Amino acid sequence: MTVRVRMAPSPTGMLHIGGVRTFLFNWLFARGRDGECLLRIENTDTSREVEEAVEQIERSLYWLGIDWDGETTFQLDRLERAGEEARRLVSEGSAYDDEGAIRIRMPDEGVTGWEDAIKGHIEFPNVELEDVVLVRSDGRPTYNFASPLEDWLDGITHVVRGDDHVSNTPKQLHVLQALGAEPPVYAHVPSVFGEDGRKLSKRHGAISVDEFRASGYVPEALMNFLALLGWAPDGETTIMSADELVERFTLERVGSSPATFDYAKLDWMNGVYLRALPADEYASRLVGYLRDQGLEWAEDRVRAAAPLVQEKIARFDEFPAFAGFLFHDVEPDRELLDLRILGFAETALERTEPWSAASLEATLKRLCDDLGEKPRTVYLPIRVAVTGSRISPGLYESLELIGREASLARIRAARGVA
RNA sequence: GCCCCCAUCGACUAGCGGCCUAGGUCACCACCCUUUCAAGGUGGCAGCACGGGUUCGAAUCCCGUUGGGGGCACCA
């Protein structure tokens, strides 16, 4: 039987990173088995924001590299079918009218259980099960009816969802049984916590895919990181391409305990991916990122600066602070300037020919020798004067990029204001 | 309150009865490299929640406790 799963977000707002991780598991599972992965919007409630939310969800998944088969479907589109099925259940006696709503009859003895692909055997005493409402008195189906009904209609073989749905499962199992449907395999994935051990929320920084994107993370890194939250192919491998993840992913190896989102590790991983990018690819992505952020910096200069920062920053959003001096004037901290050294530096640099990183290096090293000072002593004031910070890309390359005139102008300005 | 789930270094995890004086990665610390910051290299710190069992032998199995999470809607 062909595997078929669904990603079923509710269009209430931004796609949450925990939910994305659940969708990623669905996708990895389906793609690794020649299966299908559907995108189904669970909107039993009409809302004006549905349109935008759906767009945001699709864009987020697309950016991450998670695709789906066929058109995006909407639960609301099957409202009539849901009504028909509910009436059928009433006529068959497994459901009944209750003040205009339709409820399903739940057994009140015994237990309802299933073999969860992630958590193992789970069962609930039937006494705990209420006669859940299938269709509201206004005719709209409830989630606990619409969701299993659609799973059946869509031929879903595996329901991979957040474990906050565990207690809905016995109810849905009975709905399926009343419908005459074969139940899918259920796999409940544990939730993701924020760094304070509590549920992920705004407080924890980036939370939606859009925010991660704006923070300068690349999709490959985010996917890799997300996959490793609650899943591991073995105890050793950490860096894996999408293809490798697809190839190695199994539901059996998804852990059953919740995982904490670790931004520091994500940053590290993003840096790994960034550094591994071919130089021109890196430059293109950096240009694209800055453009997305609304920074109108000259593309050729951004491209020229790219190699200087590739080994240095872990996220693209660090670029403006780290290399912004290439695009605008700086305000050096006077405390860090050394007028005597700057004076000698200005003289030495004025005579440097050609103005290239190599000859600048020769010039500055000679200057160190002449002054009898260590490079760190000589370079700091120059770096601060020219880049405005004690932390920057390589000094020679930075000087080269800024150019002779601008470099000297900044050094003179520093001498003047100091 | 009731029901369900979970429990290995600070974090993500490997471990599915002996290979474990518990391995890898991030973070952290030290040192090396070095024009700053990174990157890289080397080394280090650090964990099986607790209590009972079962067994020749338990991180691994069972029970309980504690702690965390989820659910108990004509929300999804």
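Lettering of chains follows the sequences in order, A, B, ..., and the numbering in each one begins at 1. The structure displayed is predicted, hence computed values, not measured ones.
For A:Ala264, counting side-chain heavy atoms from C-beta on, the closest listed nucleotide (B:rA7, B:rC26, B:rC3) is B:rC26. For A:Ser167, the listed nucleotide lying nearest its side chain is B:rG71; candidates were B:rC74, B:rA14, B:rG71. Checked against B:rA14, B:rA76, B:rC4, the side chain of A:Arg253 finds its nearest nucleotide in B:rA14. In this structure, of B:rC74, B:rC72, B:rG68, it is B:rC74 that holds the atom nearest to the side chain of A:Val133. Among the nucleotides B:rC4, B:rC2, B:rG71, the one closest to any side-chain atom of A:Asp164 is B:rG71.
In this structure, the side chains of A:Tyr143 and A:Gln172 come closer than 4.5 Å at one or more pairs of heavy atoms.
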Between protein and nucleotides 58-60 of chain B, what N or O pairs are separated by less than 3.5 Å?
none

Any N/O pairs under 3.5 Å between the protein and nucleotides 21-23 of chain B? List them or say none.
{"unit_1": "B:rG23", "atom_1": "N2", "unit_2": "A:Gly235", "atom_2": "O", "d": "2.9"}

Write down the protein N/O and nucleotide N/O pairs, taken from nucleotides 36-46 of chain B, whose separation is under 3.5 Å; answer none if there are no such pairs.
{"unit_1": "B:rU36", "atom_1": "O2'", "unit_2": "A:Arg390", "atom_2": "O", "d": "2.8"}
{"unit_1": "B:rU36", "atom_1": "N1", "unit_2": "A:Arg383", "atom_2": "NH2", "d": "3.3"}
{"unit_1": "B:rU36", "atom_1": "O2", "unit_2": "A:Arg383", "atom_2": "NH1", "d": "3.4"}
{"unit_1": "B:rU36", "atom_1": "O2", "unit_2": "A:Arg390", "atom_2": "O", "d": "3.4"}
{"unit_1": "B:rU36", "atom_1": "O2", "unit_2": "A:Ser392", "atom_2": "N", "d": "3.0"}
{"unit_1": "B:rU36", "atom_1": "O2", "unit_2": "A:Ser392", "atom_2": "O", "d": "3.1"}
{"unit_1": "B:rU36", "atom_1": "N3", "unit_2": "A:Arg383", "atom_2": "NH1", "d": "3.3"}
{"unit_1": "B:rU36", "atom_1": "N3", "unit_2": "A:Ser392", "atom_2": "O", "d": "2.8"}
{"unit_1": "B:rU36", "atom_1": "O4", "unit_2": "A:Lys312", "atom_2": "NZ", "d": "2.9"}
{"unit_1": "B:rC37", "atom_1": "N3", "unit_2": "A:Lys312", "atom_2": "NZ", "d": "2.4"}
{"unit_1": "B:rC37", "atom_1": "N4", "unit_2": "A:Lys312", "atom_2": "NZ", "d": "3.2"}
{"unit_1": "B:rA38", "atom_1": "O2'", "unit_2": "A:Glu311", "atom_2": "O", "d": "3.4"}
{"unit_1": "B:rA38", "atom_1": "O2'", "unit_2": "A:Lys312", "atom_2": "O", "d": "3.0"}
{"unit_1": "B:rA39", "atom_1": "O3'", "unit_2": "A:Arg275", "atom_2": "NH1", "d": "3.3"}

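Counting non-hydrogen atoms under 4.0 angstrom, A:His188 reaches nothing in the nucleic acid.
Comparing the C1' positions of B:rG24 and B:rU8 gives an interatomic distance of 13 Å, to the nearest angstrom. Look at the P atom in both B:rC62 and B:rA46: the space between them is 31 Å, to the nearest Å. Between B:rA38 and B:rU13, the two C1' atoms lie 27 Å apart (nearest whole Å). Spacing between B:rG71 and B:rC37 at atom C1', rounded to whole Å, works out to 49 Å.
No donor-acceptor contact under 3.5 Å links the side chain of A:Asn43 to the base of B:rA76. For B:rU25, the base has a donor-acceptor partner in the side chain of A:Lys265 [N/O atoms by modelled type, under 3.5 angstrom].
Partner of A:Asp154 under the salt bridge (charged side-chain N to carboxylate O under 4.0 Å, His left out) criterion, chosen from A:Arg78, A:Arg81, A:Arg6: A:Arg78.
Neither side chain, A:Ser389 nor A:Ser392, offers a donor N or O lying under 3.5 Å from an acceptor on the other.
For the pair A:Arg140 and B:rC74, the criterion of a side-chain N or O lying under 4.0 Å from OP1 or OP2 is not met.
Look at CG on A:Asp262: it is 14 Å from P on B:rC9, rounded to the nearest Å.
In this structure, the side chain of A:Asn26 does not engage the main chain of A:Met7 through any donor-acceptor pair within 3.5 Å.
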